[in-house]
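Only a predicted model underlies this, so the values are computations on that prediction, with no experimental measurement involved. Indexing begins at 1, ligand by ligand and atom by atom, following the structure's order. The figures that follow rest on heavy atoms only: side chains count, while hydrogens, waters and symmetry mates do not.
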Amino acid sequence: MSENTSPIIRGRYAPSPTGDLHLGNVRTALLAWLFARSAEGQFVLRIEDLDRPRTRPGATERMLTDLRWLGLNWDEGPDCGGIFAPYTQSERTAIYQHYLQLLQEKGLVYPCYCSRAEIAQAASAPHQGNEGPRYLGTCRTLTAQKRREYEQHGRRPSLRFRVDATRSVTFTDALCGPLSQHVQGEVGDFILYRADGIFAYQFAVVVDDALMQINQVVRGADLLTSTPRQILLYEALGFPIPMFAHVPLMLDEQGHRLAKRTQGMGLAPLRAMGHSPAQVIGQLAASCGLISHNQAITLNDLRAHFHHNQYGIIRAISENAGIFP
Ligand code: GLU
């Protein structure tokens, strides 16, 4: 009898509670759920609320309500717990501290005293679709004396990851295909810990996905160019690298990306108009080519459509998946 040794798929959706989910976020959640559930996989919900100043009160609860209304379910999450709890990043800082120390012990981290503006930009990078200027390594080789001087002037450092200049990171995204990035040349040494005392997204997401044994990362295409940095961290920490699928972002009628601050593009107006979850799922699925016509479909039927066939999803998602019908 042959043994099935392929690991259980573990996917996740990891929203930041910086506002209510817009339909693009909801579609990404739907796709992440479908990728995992169509392969009988497990699904994890994690709340990425490290950037406290950008976190909106009540946003987490409203996100969970929206996802549940649609019928999405998860095996582990902030509301139901699980063996890798906690599932809310702000409750995991001791864990990040531990892994930061491992990197420090390997000599891969150094303090950077560069301007606040640059640090703020780096911290917000995953949400701006803009990597900001390449960091030129100004503080890479500061002498101990110079560091002391900065500290004496009251400047608090961020902590940067020392990127190997001889490395290009190459990986194959399930949807976007092969990608190669010379991280030092294009991004430079990047921030792990911000000067304001907040762990950076790039670092926390890797620690969490690895410790939560996520082997399938499905998320918005705005994070495609973050992936090479994250792969460097997976390698440095000795974690296995998951499969990545970066799904198209939803655009508004002018061709702009939706933002959480854009009013009226969430589920609430559709609910108010009396749309059912099956109608919204049908609209979302049609908007990215998963089904050919905009017609109501239950989550279960959509999942059954791709049963054991993630490649069916990959083939179906159309290249110009964009505007919501
Ligand atoms: N928290 C990120 C966001 O809401 C997503 C991170 C990820 O999926 O890796 O945009």
Side-chain angles (χ1 to χ4, degrees), residues 9-36 43-56 59-64 66-67 72 74 76-78 84 86-92 96 122-131 171 173-176 179 190-192 194 198-234 239 241-250 257-262 265-266:
I9 297 280
R10 280 179 59 83
R12 53 50 154 200
Y13 182 57
S16 303
T18 52
D20 291 349
L21 295 175
H22 57 60
L23 289 172
N25 301 135
V26 175
R27 189 174 72 182
T28 298
L30 170 66
L31 289 170
W33 184 93
L34 264 185
F35 263 89
F43 197 60
V44 174
L45 186 77
R46 183 175 66 235
I47 299 298
E48 302 207 325
D49 62 343
L50 285 180
D51 199 342
R52 302 305 278 178
R54 297 182 68 234
T55 297
R56 294 286 158 264
T60 297
E61 291 68 28
R62 289 195 299 277
M63 283 175 167
L64 266 59
D66 276 353
L67 297 173
L72 298 183
W74 43 92
E76 297 159 39
F84 302 112
Y87 293 89
T88 299
Q89 287 193 323
S90 58
E91 295 167 22
R92 298 176 61 80
Y96 307 135
S124 308
H127 300 277
Q128 292 179 350
N130 166 7
E131 302 302 326
F171 73 103
D173 184 87
L175 276 155
C176 307
L179 197 104
F190 56 89
I191 292 179
L192 302 176
R194 291 162 36 172
I198 294 178
F199 284 97
Y201 157 75
Q202 306 291 355
F203 177 62
V205 75
V206 168
V207 171
D208 286 348
D209 280 338
L211 295 187
M212 294 177 186
Q213 296 185 7
I214 300 300
N215 51 18
Q216 181 191 68
V217 173
V218 177
R219 59 186 176 193
D222 52 331
L223 294 169
L224 183 65
T225 53
S226 288
T227 306
R229 265 170 282 171
Q230 295 174 16
I231 288 175
L232 288 178
L233 294 178
Y234 278 102
F239 291 141
I241 298 169
M243 165 275 215
F244 293 98
H246 288 87
V247 302
L249 298 181
M250 190 180 281
R257 281 172 51 179
L258 305 187
K260 286 206 182 95
R261 60 185 173 276
T262 318
M265 282 303 282

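One option in Arg12, Arg46, Gln89, Gln202 has a heavy atom closer to atom 7 (C) of ligand 1 than any other, and that option is Arg12. When Glu48, Gln230, Arg219 are checked for heavy-atom proximity to atom 6 (C) of ligand 1, Glu48 turns out nearest.
In this structure, a donor-acceptor pair under 3.5 Å is present between the side chains of Asp208 and Tyr96.
Taking only nitrogen or oxygen atoms, main chain and side chain alike, Leu223 does not reach within less than 3.5 Å of ligand 1.
Listed by chain and number, the residues in a ring-ring contact (aromatic ring centres under 6.0 Å, His included) with Phe190 are Phe161 (sequence neighbours excluded). Under the side chain to side chain contact (heavy atoms under 4.5 Å, CB included) criterion, Thr88 pairs with Ile47, Asp49, Pro78, Ser90, Glu91, not counting sequence neighbours.
Against a heavy-atom cut-off of under 4.0 Å, Val205 is close to the following atoms of ligand 1: 9 (O). Each of the following atoms of ligand 1 lies closer than 4.0 Å to a heavy atom of Ser16: 1 (N), 2 (C), 3 (C), 4 (O). Close contacts between ligand 1 and Pro15 involve ligand atoms 4 (O) [criterion: under 4.0 Å to a heavy atom].
For Tyr201, every heavy-atom contact with ligand 1 shorter than 4.0 Å involves the side chain, none the backbone.
Listed for the Arg12 side chain is no donor-acceptor partner under 3.5 Å among the backbone atoms of Asp209. Put simply, the side chain of Arg27 never gets that close to the backbone of Val247: no donor and acceptor are under 3.5 Å apart. Under a 3.5 Å cut-off, the side chain of Arg46 and the backbone N or O of Gln89 do not form any donor-acceptor pair.
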